[in-house]
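Below you'll find the structure, written out as structure tokens, and then a few comments.
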There are 2 protein chains.
Amino acid sequence: MTEGPAQQRRTSLRFAILGLLTRRPATGYDIKRDFDRTIGYAWNAHDSQIYPELRRLEEEGLIRPEATKPDGRRRRTYRVTAGGRKRLRAWLAAPAERGFQRDEFLLRLFFLQLLTPPERASVLRLEAGRLEDELRLLETVLGPFDRSGAAADTSHALRWQLAAARVFEASTRARLASVRQLLEESEAGG
Amino acid sequence: MTEGPAQQRRTSLRFAILGLLTRRPATGYDIKRDFDRTIGYAWNAHDSQIYPELRRLEEEGLIRPEATKPDGRRRRTYRVTAGGRKRLRAWLAAPAERGFQRDEFLLRLFFLQLLTPPERASVLRLEAGRLEDELRLLETVLGPFDRSGAAADTSHALRWQLAAARVFEASTRARLASVRQLLEESEAGG
DNA sequence: TTTACCATGTAAAGAGTTACATGATTCC
DNA sequence: GGAATCATGTAACTCTTTACATGGTAAA
């Protein structure tokens with residue numbers, strides 16, 4: 001009973017990193033940028049979380065560093081191993097674990113009664129602005145590829161990346177519409 | 001420079017708790033249930049997080065325990081203080097801090113290319129089912145009050161609680177529609 | 001030469017989850 | 001008498017953020 005089996009890491013961060021590494025070998029720095037530029041709307045992490053996770057993944061044999069040319073520059077470029085790919089696929093196919101949802105805006109909205117009408121309108125306007133910013137940012141992510149073309153070609157490697165962005169876009173737009181409607185109602189009758 | 005000012009707590013948990021306590025005095029146990037029954041789709045916490053937070057809120061004077069009747073039963077019922085209300089209102093009116101979004105399903109979707117077509121369909125079906133469950137659960141939350149009536153009366157205290165649920169519902173439905181469409185495309189052409 | 005970008009970390013603390021532990025009351 | 005519910009916590013661990021720290025390379 002004193003047995004201490006390695007605790008299972010449940011986080012998605014490691015799988016996000018493994019996934020990005022299937023696209024190309026990369027350094028920790030590259031991975032951070034790839035988050036920002038491609039999948040940041042769904043997952044992201046700070047450098048200080050990425051580097052230790054890379055070390056753990058290496059220790060577990062899920063990734064390995066490329067042979068480094070001694071150019072005097074400190075740099076580790078990683079690749080996914082066969083074992084890493086296997087683990088990633090297993091995670092992708094597994095049902096998502098159910099945890100609590102956390103949504104700070106909805107929490108505020110729930111208690112908005114406690115503010116004055118002008119304060120309420122301000123909160124709603126801020127959220128609408130934030131959602132608009134997100135949609136604008138998403139356009140930059142979607143820019144690189146031709147949207148309709150990639151969507152039609154079902155065998156295209158970018159199809160699912162595009163699909164993820166589209167799902168995010170759709171729910172963000174729905175939310176923006178709801179918030180705008182609340183704002184109108186609030187300015188008219190509240 | 002050795003000064004150690006109390007670290008600011010950035011979490012929304014304390015405000016969720018303060019908010020619930022504006023609705024009625026409650027024990028930690030009550031608060032847990034209120035989360036589950038009212039605002040759980042937007043914020044929630046385990047007992048083991050709620051009890052220590054209640055202690056901290058009490059220490060900071062934001063809530064206070066009611067005088068306990070000595071009925072032999074260990075129980076602390078809390079109320080919000082004037083200071084607590086003030087802090088809650090300040091948080092409600094403040095712009096939300098921008099952090100990273102985290103969405104495990106979108107992360108999976110982004111890398112779905114790595115699975116076989118039947119595995120992909122399975123992942124999509126699971127997510128559709130999960131979203132349907134969420135909508136069904138939301139109906140239970142919305143049941144207690146007459147929806148159209150509460151929405152029309154802009155001065156009603158429940159109006160904003162209903163609004164929060166409606167925004168959540170709208171974005172969940174949009175997401176479900178997107179996922180179903182991907183499923184159809186995937187079953188037809190993939 | 002200085003600014004922007006490339007590159008990698010450690011330390012400390014806060015936030016959240018899981019497992020464990022205890023005991024009273026109420027309803028059947 | 002047993003099960004469900006009420007009620008409160010501690011310990012250990014994992015996950016995430018913030019602050020700090022360092023140094024190389026490339027372009028203007």
Side-chain angles (χ1 to χ4, degrees), chain A residues 1-17 25-37 40 43-58 60 65-66 68-78 97-104 107, chain B residues 1-17 25-37 40 43-58 60 65-66 68-78 97-104 107:
Chain A
M1 298 302 187
T2 47
E3 186 71 26
Q7 300 293 330
Q8 259 304 106
R9 300 210 154 244
R10 311 165 216 48
T11 182
S12 306
L13 175 60
R14 51 180 29 221
F15 300 111
I17 291 175
T27 65
Y29 190 87
D30 293 331
I31 287 167
K32 174 57 183 156
R33 273 197 321 187
D34 287 349
F35 269 122
D36 292 340
R37 293 178 184 173
W43 211 274
N44 210 332
H46 294 278
D47 308 1
S48 56
Q49 205 184 354
I50 292 170
Y51 288 109
E53 192 65 46
L54 283 170
R55 289 304 174 122
R56 281 190 290 265
L57 288 169
E58 188 188 341
E60 294 173 43
E66 277 185 353
T68 42
K69 301 179 191 77
D71 61 350
R73 196 150 157 186
R74 180 169 75 150
R75 188 203 303 154
R76 286 171 84 80
T77 303
Y78 291 97
E97 291 168 47
R98 289 285 278 125
F100 294 142
Q101 307 280 324
R102 292 208 167 81
D103 190 318
E104 205 176 297
L107 184 60
Chain B
M1 298 303 186
T2 47
E3 186 70 25
Q7 300 294 331
Q8 258 305 105
R9 301 209 152 244
R10 307 165 216 50
T11 183
S12 306
L13 174 59
R14 50 178 32 216
F15 300 109
I17 291 175
T27 65
Y29 190 88
D30 294 331
I31 288 167
K32 174 57 184 158
R33 272 198 321 188
D34 287 350
F35 268 122
D36 292 340
R37 291 178 186 174
W43 211 273
N44 210 331
H46 294 278
D47 307 0
S48 56
Q49 205 184 354
I50 292 170
Y51 288 108
E53 191 65 44
L54 284 169
R55 290 304 174 122
R56 281 190 290 264
L57 289 169
E58 188 188 342
E60 294 173 43
E66 276 183 354
T68 43
K69 302 178 190 76
D71 60 350
R73 196 148 157 188
R74 178 168 75 150
R75 190 202 302 154
R76 288 171 83 79
T77 304
Y78 291 97
E97 291 169 48
R98 290 286 278 124
F100 295 142
Q101 308 279 323
R102 291 209 167 80
D103 188 319
E104 204 175 299
L107 184 60

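Naming: A, B, ... by sequence-line order, numbering from 1 per chain.
- For B:Phe15, the ring pair (Phe, Tyr, Trp, His ring centres under 6.0 Å) partners are B:Trp91, not counting sequence neighbours.
- Listed pair A:Arg75 / D:dT25 fails the phosphate criterion, with no side-chain N or O lying under 4.0 Å from OP1 or OP2.
- With values rounded to the nearest 0.5 angstrom, B:Arg56 atom CZ is found 9.0 Å from B:Ile17 atom CD1.
- Inter-residue side-chain proximity for A:Tyr78 and A:Ile31 is flagged as unmet; no heavy-atom pair is nearer than 4.5 Å.
- A:Lys32 contributes a side-chain N or O that, together with a main-chain N or O of A:Ala45, makes up a donor-acceptor pair within less than 3.5 Å.
- Interface residues of residues 27-36 of chain A facing DNA chain C, ordered by number: A:Thr27, A:Gly28, A:Tyr29, A:Asp30, A:Arg33; criterion, heavy-atom separation under 4.0 Å.
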Below 3.5 Å between N/O atoms, which protein atoms pair up with nucleotides 18-22 of chain D? Just atom names and distances, please.
unit_1	atom_1	unit_2	atom_2	d
D:dT18	O4	A:Ser48	OG	2.6

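- Positionally, the nearest nucleotide of DNA chain D for B:Tyr51 lies more toward the 5' end than for the other of A:Ser12 and B:Tyr51.
- Using a 4.5 Å heavy-atom threshold, the side chains of A:Asp103 and A:Gln101 count as separate.
- Residue contacts for A:Arg55: at a heavy-atom cut-off of 4.0 Å it reaches the sugar-phosphate backbone alone, with no base atom in range.
- Residues passing the side-chain hydrogen bond (donor to acceptor under 3.5 Å, both in side chains) test with A:Glu104 are A:Arg108, B:Ser12, sequence neighbours excluded.
- Residues forming a salt bridge (Lys or Arg N to Asp or Glu O under 4.0 Å) with A:Arg14 (at least two apart in sequence, or on another chain): A:Glu53, A:Glu60.
- The shortest distance between the side-chain N/O atoms of A:Arg102 and the OP1/OP2 oxygens of C:dT17 is below 4.0 Å.
- Taking atom CZ of residue A:Arg56 and atom P of nucleotide D:dT16, one finds them 10 Å apart after rounding to whole Å.
- A:Asp30 is linked by a side-chain contact (heavy atoms from CB on, under 4.5 Å) to A:Arg24, A:Ala26, A:Thr27, A:Arg33, counting only residues two or more places apart in sequence or in another chain.
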